[in-house]
Amino acid sequence: MDRYLVFGHPVRHSKSPFIHTLFARQTQQELEYGLAEPAVDEFAQALRTFFDQGGKGCNVTVPFKEQAFTLVDCLSPRAKRAGAVNTIKLTDDGVLLGDNTDGAGLVADLKSHGVTLADSRILLLGAGGAARGALAPLLAELPSELVIANRTHTKAQQLAAEFHDLGPVIAQTYEQLAGPFDLVINSTSASLQGELPPLAPALIHTDIAIYDMMYGASDTAFISWAKQHGARQTMDGLGMLVEQAAEAFTVWRGIRPGTKQVLRELKRNLGAI
């Protein structure tokens, strides 16, 4: 039976085995999917061992995505742009192909919620790996402007300069931000600590769409805050998790699984509904 893993540290909380088991059942694919949590300095060896022992593919999560970028034999165009790899496939030719499905998962989830990206003004909070992975797919949707804001402004400036050839992307400090925005995406990990980005409440209005890449059984701190200030459409990153997994499954198996039922099952699993 074909074997797949998710590598991370920590990774025991990962919902990837749950998701991919449902995808396999839905598409009648014979595979098994497990977890691997090597020490931070042992990832490279663990990755080699997995594929030497017959592994077919893997997902890679924190803190190994940038390291995976350097360990594969070739990169997809979106992985090159993201500077990180979250999906690896062993091809029929024995080549390790590195891909990044995070941004595609984000865009697919936004569209599933009816969010219009073309000609919209988007604010992206954060300038780390999650933001980097999202930028090219977001800009491919032809927004009127994409603004990056980050606590360390120089990182936002560097990111905007790197992706400027793909579309109208600029960096601003939190103090410089001026509305209206159609969509705000929080790519920071602040919600994991119950904290908030330093965003002015005046930027929130009733017609804005709010997206937090983090998720949980209840609203994240950022979503709760946005609702308190009048946002009517709020979304967490659970759908992105499922959509990026579907994209990875397609890379591995050549068949696209449906995501709606899997997302419902995952929400039940989390106790969200």
Side-chain angles (χ1 to χ4, degrees), residues 6 8-19 35 59-66 82 84 86 100-113 115 122-135 137-138 146 148-152 155-156 159 174 181 183-199 201 203-204 208-229 231-248 259 262-273:
V6 56
H9 192 98
V11 80
R12 280 161 287 183
H13 66 285
S14 174
K15 302 302 179 185
S16 292
F18 181 87
I19 294 168
L35 303 170
N59 290 125
V60 182
T61 188
V62 176
F64 300 130
K65 291 183 184 183
E66 286 77 19
N86 80 328
N100 190 302
T101 66
D102 286 332
L106 169 65
V107 169
D109 191 37
L110 286 165
K111 288 182 175 180
S112 76
H113 284 95
V115 176
I122 301 173
L123 172 59
L124 180 62
L125 307 179
R132 175 180 290 274
L135 273 168
L138 285 171
L146 194 154
I148 306 171
N150 189 59
R151 288 180 188 269
T152 305
K155 288 187 67 177
L159 207 53
Y174 278 97
F181 290 100
L183 169 66
V184 178
I185 301 170
N186 181 22
S187 77
T188 75
S189 59
S191 287
L192 292 178
Q193 290 80 42
E195 299 172 356
L196 295 168
L199 193 66
L203 291 173
I204 306 300
I208 202 168
I210 298 293
Y211 196 100
D212 194 338
M213 289 189 186
M214 302 299 110
Y215 64 88
S218 57
D219 285 346
T220 67
F222 184 63
I223 285 178
S224 293
W225 175 85
K227 284 182 175 179
Q228 289 167 11
H229 290 92
R232 291 187 298 199
Q233 184 176 21
T234 59
M235 301 149 281
D236 68 15
L238 198 62
M240 176 182 172
L241 176 69
V242 175
E243 293 291 349
Q244 67 80 23
E247 188 78 10
T259 56
V262 173
L263 181 56
R264 283 196 291 268
E265 293 292 334
L266 183 56
K267 287 180 176 178
R268 287 194 191 97
N269 182 259
L270 283 175
I273 58 174

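Counting heavy atoms from C-beta on, the side chains of Leu110 and Leu183 come closer than 4.5 Å. Residues Glu265 and Phe18 meet the side-chain proximity criterion, which asks for heavy atoms closer than 4.5 Å. Residues Ile210 and Met235 have side chains not in contact (no heavy-atom distance under 4.5 Å, counting atoms from C-beta outward). Put simply, the side chain of Lys155 does not reach to within 4.5 Å of the side chain of Leu159, judged on heavy atoms. In this structure, Ile208 and Gln233 have side chains that are not in contact, with every pair of non-hydrogen atoms separated by 4.5 Å or more.
Nearest approach of Ser14 to Leu35, heavy atoms of both residues: CB-CD2, 3.9 Å. When all heavy atoms are compared, the tightest approach of Leu270 to Gly216 is CD1-O, 4.5 Å. Residue Gly126 comes nearest to Ser187 through the heavy atom pair CA-OG, 3.7 Å, listed as atom of the first residue, atom of the second, then distance. When all heavy atoms of Ala104 and Pro137 are compared, the closest pair comes out as N-CG, 3.9 Å. The shortest non-hydrogen separation linking Arg151 to Pro197 is NH2-CA, 4.1 Å. The heavy-atom pair separating Leu138 from Ile185 by the smallest distance is CD1-CD1, 3.8 Å.
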Run the side chain to side chain contact (heavy atoms under 4.5 Å, CB included) check on Tyr215 and Lys15 step by step: do they pass?
-> CA-CA 12 Å; Tyr215 64 88; Lys15 302 302 179 185; 4.1 Å; yes
Audit row: Leu266, Ile19, side chain to side chain contact (heavy atoms under 4.5 Å, CB included) steps and yes/no = CA-CA 7 Å; Leu266 183 56; Ile19 294 168; 3.9 Å; yes
Please assess Asp236 against Tyr211 for the test side chain to side chain donor-acceptor pair (under 3.5 Å), listing each intermediate value before the final yes or no.
-> CA-CA 6 Å; Asp236 68 15; Tyr211 196 100; over 6 Å; no
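Aromatic ring orientation, Trp225 versus His229: tilted (interplanar angle from 30° to 60°).
One finds the CG atom of Asp109 at 10.0 Å from the CG atom of Leu241 (value rounded to the nearest 0.5 Å). The distance from atom CG of Leu124 to atom CG of Leu135, rounded to the nearest 0.5 Å, is 5.5 Å. In this structure, CG in Leu196 is found 9.0 Å from OG1 in Thr188, a value given to the nearest 0.5 Å. Here Ile148 contributes atom CD1 and Arg132 contributes atom CZ; the two are 9.5 Å apart, rounded to the nearest 0.5 Å. Within the model, atoms CE of Met213 and CG of Leu125 stand 10.0 Å from one another, a figure rounded to the nearest 0.5 Å. Rounding to the nearest 0.5 Å gives a distance of 7.0 Å between OG1 of Thr259 and CG of Leu263.
No side-chain N or O of Tyr174 forms a donor-acceptor pair with one of Asn150 less than 3.5 Å apart. Judged purely by distance below 3.5 Å, without hydrogens or angles, the side chains of Asn86 and Thr101 pair a donor atom with an acceptor atom. At a cut-off of 3.5 Å, with distance as the only test, a side-chain donor of Asp212 or Thr220 sits close to an acceptor on the other residue.
Side chain of Asn59 to main chain of Val6: no donor-acceptor pair is present (N/O by atom type, distance under 3.5 Å, no hydrogens or angles). Formation of a donor-acceptor pair under 3.5 Å by the Asn100 side chain with backbone atoms of Ala84 is found in this model.
Judged as a side-chain contact (heavy atoms from CB on, under 4.5 Å), and not counting sequence neighbours, the contacts of Ala108 are Glu243.
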